[in-house]
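See structure below.
Letters A, B, ... mirror the listed sequences (proteins, then strands); counts begin at 1.
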Amino acid sequence: MSLSALTAPWRAFNYGFLDESAKREIRRKTLKAIAVPGSQVPYASREVPMARGWGTGGLQVTLTLLKPSSVVKVIDQGADDSVNAASIRKFLRRVGAADETLDTTAATLIQSRHRIPEERLRDDQILVLQVPDPEPLRAVEPDISEARHMHADADYGLLWLKLYEQIVRSGRIMEGASYPSLVNARHVISPSPIPRWDVPKLHQADNLTILSAGREKRIYAVPPHTDVAPLVFDDIAFRVEDHAQITCQRSGVKGYFLNELPQAGGPSIHEMSDSHFATKHIQKREGEAVTFADTYYVNGSLSR
Amino acid sequence: MTARPMTVLPRLAPQLATAAPLLSMRGVAKRYGDVAALKGVDVTVQPGEVLGIVGESGSGKSTLLRAMNLEEVPDAGRYTLDIPAYREKDLFALDRYQRRMLRVREIGIVYQNPHAGLRMRHSSSGNVAERLVVSGERRFGELRRRAKDALIASDFPIARMDRPPVELSGGMQQRVQLAKAIALEPTLLLLDEPTTGLDVSVQALVLDTLKRLQRERQITMVLVSHDLGVIRTMADRVMVMRHGAVVEEGLADQVFQDPQHPYTQQLVHAKL
């Protein structure tokens with residue numbers, strides 16, 4: 001028997017770019033993260049052809065979950081057409097032969113930077129969120145070892161100190177993104193820098209959400225049908241952004257999360273952040289056949 | 001001489017040791033490498049009493065205080081506090097989490113260096129509120145009210161309650177520490193050189209506050225200082241430490257008026 005009979009034939013790269021041992025490790029760590037919802041699981045974050053901070057964590061999870069029948073959607077701050085999102089989509093097609101889509105309802109695998117789509121995700125879809133800083137305790141406990149003790153003890157009191165300071169200083173909670181949230185009544189996570197608007201979408205969601213930080217080498221997950229509760233004071237309710245009554249200039253639809261576009265001279269216009277969702281509204285108005293899923297927010301307020 | 005109605009004082013200091021001691025430490029020993037910081041120290045503190053610990057630098061008094069605060073577990077010894085859930089339990093045997101919860105709920109501490117006890121860039125009221133949130137308070141209004149009450153009790157100028165300690169004077173920082181320490185009405189208040197480094201007039205004001213709190217709330221205190229003046233003002237009973245051992249112990253007046261051990265004599269005379 002020759003050596004060549006024992007080894008795989010040479011290929012330019014492995015399916016899904018990462019080698020099989022790397023994918024196996026990420027799969028195992030992801031399973032662990034799902035088994036202990038909200039717990040940060042360390043993993044060996046590999047090199048991908050992208051700089052740290054551009055979504056390498058999310059990309060590694062996406063590559064691991066990729067299969068030829070996957071339909072991927074990549075979101076960058078709600079938009080599908082940013083250079084980063086387009087490049088990641090192209091890369092996934094090239095290394096995984098995956099189909100691309102802009103439509104949330106058509107995707108099986110959604111990698112997202114800082115937004116959860118407005119349309120309700122189903123139980124056959126997986127959302128992968130890119131995370132720059134996975135540690136919710138960073139602001140109150142700079143010592144990582146101590147922070148891990150605090151996670152182990154479920155000792156999260158200090159996070160309320162951060163909220164207290166914000167209310168004292170500014171009269172309201174100023175935490176705009178990465179709002180610390182308690183998962184499964186046990187672990188507090190930083191739900192990646194999604195706006196407050198998106199945090200309630202994680203609660204009892206039908207889909208699996210995997211959060212991965214490439215630079216910080218941590219994976220954590222919110223499994224389907226898991227409680228996710230933003231941290232609040234008992235006497236001050238959680239509030240999402242006041243976007244419910246503002247109309248999207250592009251699609252004319254209102255009741256969804258918006259980007260503010262400042263105009264010359266001072267005023268600003270608003271555009272829906274979930275860009276393809278707005279596009280679908282325009283297509284529908286122009287008579288094209290489009291499919292909508294139910295949305296998390298109906299008429300600007302959360303529907304359950 | 002006119003007969004005046006006799007005022008009954010709330011308490012005669014110090015109480016006779018008829019009640020069970022609040023704090024009891026037996027044979028506490030701690031080594032740092034070759035240095036024996038504590039060589040089998042016994043401490044007993046009665047409820048409502050102020051115990052002063054005097055000694056030169058390196059005598060082990062701060063190590064002893066850290067052991068009382070459960071920041072550090074000594075090599076040997078037993079430590080009990082007479083509080084409902086922990087009666088008869090050796091506190092040194094508690095795990096890290098239990099130690100931490102006990103420290104938050106039952107023990108208050110004021111450090112010499114405010115940087116050790118405060119978050120200098122958070123607001124002062126936030127520093128006090130930290131104690132309360134860690135103990136489980138989740139109502140903003142209640143946090144605010146209780147933080148304010150504790151700061152008022154420590155004679156802190158309430159208009160500045162939302163300024164960070166970094167902007168305050170040393171005396172004010174000590175008051176914030178004190179407010180934080182008493183916010184949860186601790187069983188035991190530990191004071192590690194609370195007035196060292198303050199100028200004399202501010203020192204007197206902080207001591208006044210401490211005395212008033214002691215009188216009003218009858219908090220049991222352990223006060224560590226190398227300043228005999230401070231100890232004389234505050235303490236009911238005094239322990240003199242040297243080289244990790246207690247050389248003399250007794251009522252404050254007794255020890256200062258009639259020191260028995262040569263080292264104590266030296267100390268008292270050096271004070272002038």
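Interface remark: B:Ser125 contributes backbone and side-chain atoms alike to the contact with chain A (heavy atom separation under 4.5 Å). For B:Arg131, no part lies near chain A; criterion is any non-hydrogen pair under 4.5 Å.
Rounding to the nearest 0.5 angstrom, the gap separating the CG atom in A:Leu231 from the CZ atom in B:Arg138 is 8.5 Å. Expressed to the nearest 0.5 Å, how far OG of B:Ser123 lies from CZ of A:Arg169 amounts to 7.0 Å. Between the CD atom of A:Glu165 and the CG atom of B:Asn127 there is a distance of 7.5 Å, given to the nearest 0.5 Å.
B:Arg96 and A:Asp153 are joined by a salt bridge, as a carboxylate oxygen and a charged side-chain nitrogen come within less than 4.0 angstrom of each other.
Side-chain atoms of B:Val134 and A:Trp160, non-hydrogen and from C-beta on, never get closer than 4.5 Å to each other. Side-chain contact between B:Val133 and A:Tyr164 is absent, with no heavy-atom pair separated by less than 4.5 Å.
Shown here is A:Arg28, whose CZ atom has no more than 12 heavy atoms of other residues, nucleotides or ligands within 6.0 Å. By the 6.0 Å contact criterion, CZ on A:Arg186 is enclosed, its count of non-hydrogen atoms from other residues, nucleotides or ligands being greater than 12. Counting non-hydrogen atoms of neighbouring residues, nucleotides and ligands closer than 6.0 angstrom, the CG atom of B:Asp95 exceeds 12 such neighbours. For B:Arg212, the CZ atom counts as densely surrounded, since its 6.0 Å shell holds more than 12 non-hydrogen atoms of other residues, nucleotides or ligands. When the shell of 6.0 Å around NZ of A:Lys32 is examined, it contains 12 or fewer heavy atoms from other residues, nucleotides or ligands.
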Q: Please step through side-chain contact (heavy atoms from CB on, under 4.5 Å) for the pair B:Phe140 and A:Val168, ending with a clear verdict.
A: CA-CA 10 Å; B:Phe140 179 79; A:Val168 164; 4.2 Å; yes

Q: Verify side-chain contact (heavy atoms from CB on, under 4.5 Å) between B:Arg119 and A:Leu158, making sure each step is shown before the conclusion.
A: CA-CA 12 Å; B:Arg119 292 168 186 272; A:Leu158 286 180; 3.3 Å; yes

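The choice from B:His122, B:Glu137, B:Glu130, B:Glu142 that makes the most heavy-atom pairs within less than 4.5 Å of chain A is B:His122. Among A:Leu161, A:Leu159, A:Val140, the residue with the largest count of heavy-atom pairs under 4.5 Å with chain B is A:Leu161.
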